[in-house]
Amino acid sequence: MSEKLHLTPEDEFPDDLSSLPDRELQVLDSQVQRQLDYEYVAEGEPNPETEFRHHDLDEEFEDRDAR
């Protein structure tokens with residue numbers, strides 16, 4: 001897992017979030033959230049790739065909560 005605080009749209013993103021341990025998923029979520037925040041402030045709107053990643057992470061968290 002990357003030690004970066006942000007996960008830019010160009011950075012690698014796992015194809016299968018369900019295979020990640022909870023802690024790695026939480027770190028990934030934090031990185032994507034920080035990137036979203038940055039994009040809103042710096043660019044006025046989020047990059048579509050960052051939005052898709054955020055949505056995928058939310059879905060994975062919902063799936064895990066349902067188990």
Quiz item: Other than Leu36, which residues form its hydrophobic cluster under the rule that side-chain heavy atoms must be closer than 4.5 Å?
Solution: Tyr40

Practice problem: Using the salt bridge (charged side-chain N to carboxylate O under 4.0 Å, His left out) rule, collect all pairs that involve residues 27-41, keeping only residues at least two apart or in two chains. | Solution: none

Exercise. Enumerate the residue pairs fulfilling salt bridge (charged side-chain N to carboxylate O under 4.0 Å, His left out) with a member in residues 43-53, sequence neighbours excluded, ordered by first and then second residue.
Key: Glu49-Arg53

Quiz item: Given side chains that start at C-beta, do those of Gln35 and Thr8 come closer than 4.5 Å, heavy atoms only?
Solution: yes

Self-check item: Residue pair Leu17 / Pro14, side-chain heavy-atom distance below 4.5 Å
Solution: yes

Exercise. May I have all residue pairs that pass salt bridge (charged side-chain N to carboxylate O under 4.0 Å, His left out) and include part of residues 7-18, sequence neighbours excluded?
Key: Lys4-Asp11

Quiz item: Say you draw a straight line from OG of Ser19 to CD of Glu24; how long is it, rounded to the nearest 0.5 Å?
Solution: 8.5 Å

Exercise. Measure the OG-CG distance between Ser30 and Leu7 for me, rounded to the nearest 0.5 Å.
Key: 10.5 Å

Self-check item: Separation between CG of Leu25 and CG of Leu57, rounded to the nearest 0.5 Å
Solution: 5.5 Å

Quiz item: When hydrophobic residues are tied together by side-chain contacts of less than 4.5 Å, even through go-betweens, does Val32 share a cluster with Tyr38?
Solution: no

Self-check item: Spacing of OG1 belonging to Thr50 relative to CD belonging to Gln33, to within rounding of 0.5 Å
Solution: 10.5 Å

Quiz item: In terms of heavy-atom contacts, does CZ of Phe13 have more than 12 from other residues, nucleotides or ligands at under 6.0 Å?
Solution: yes

Quiz prompt | salt bridge (charged side-chain N to carboxylate O under 4.0 Å, His left out) involving Glu60 - partner list, sequence neighbours excluded | solution = Arg64, Arg67

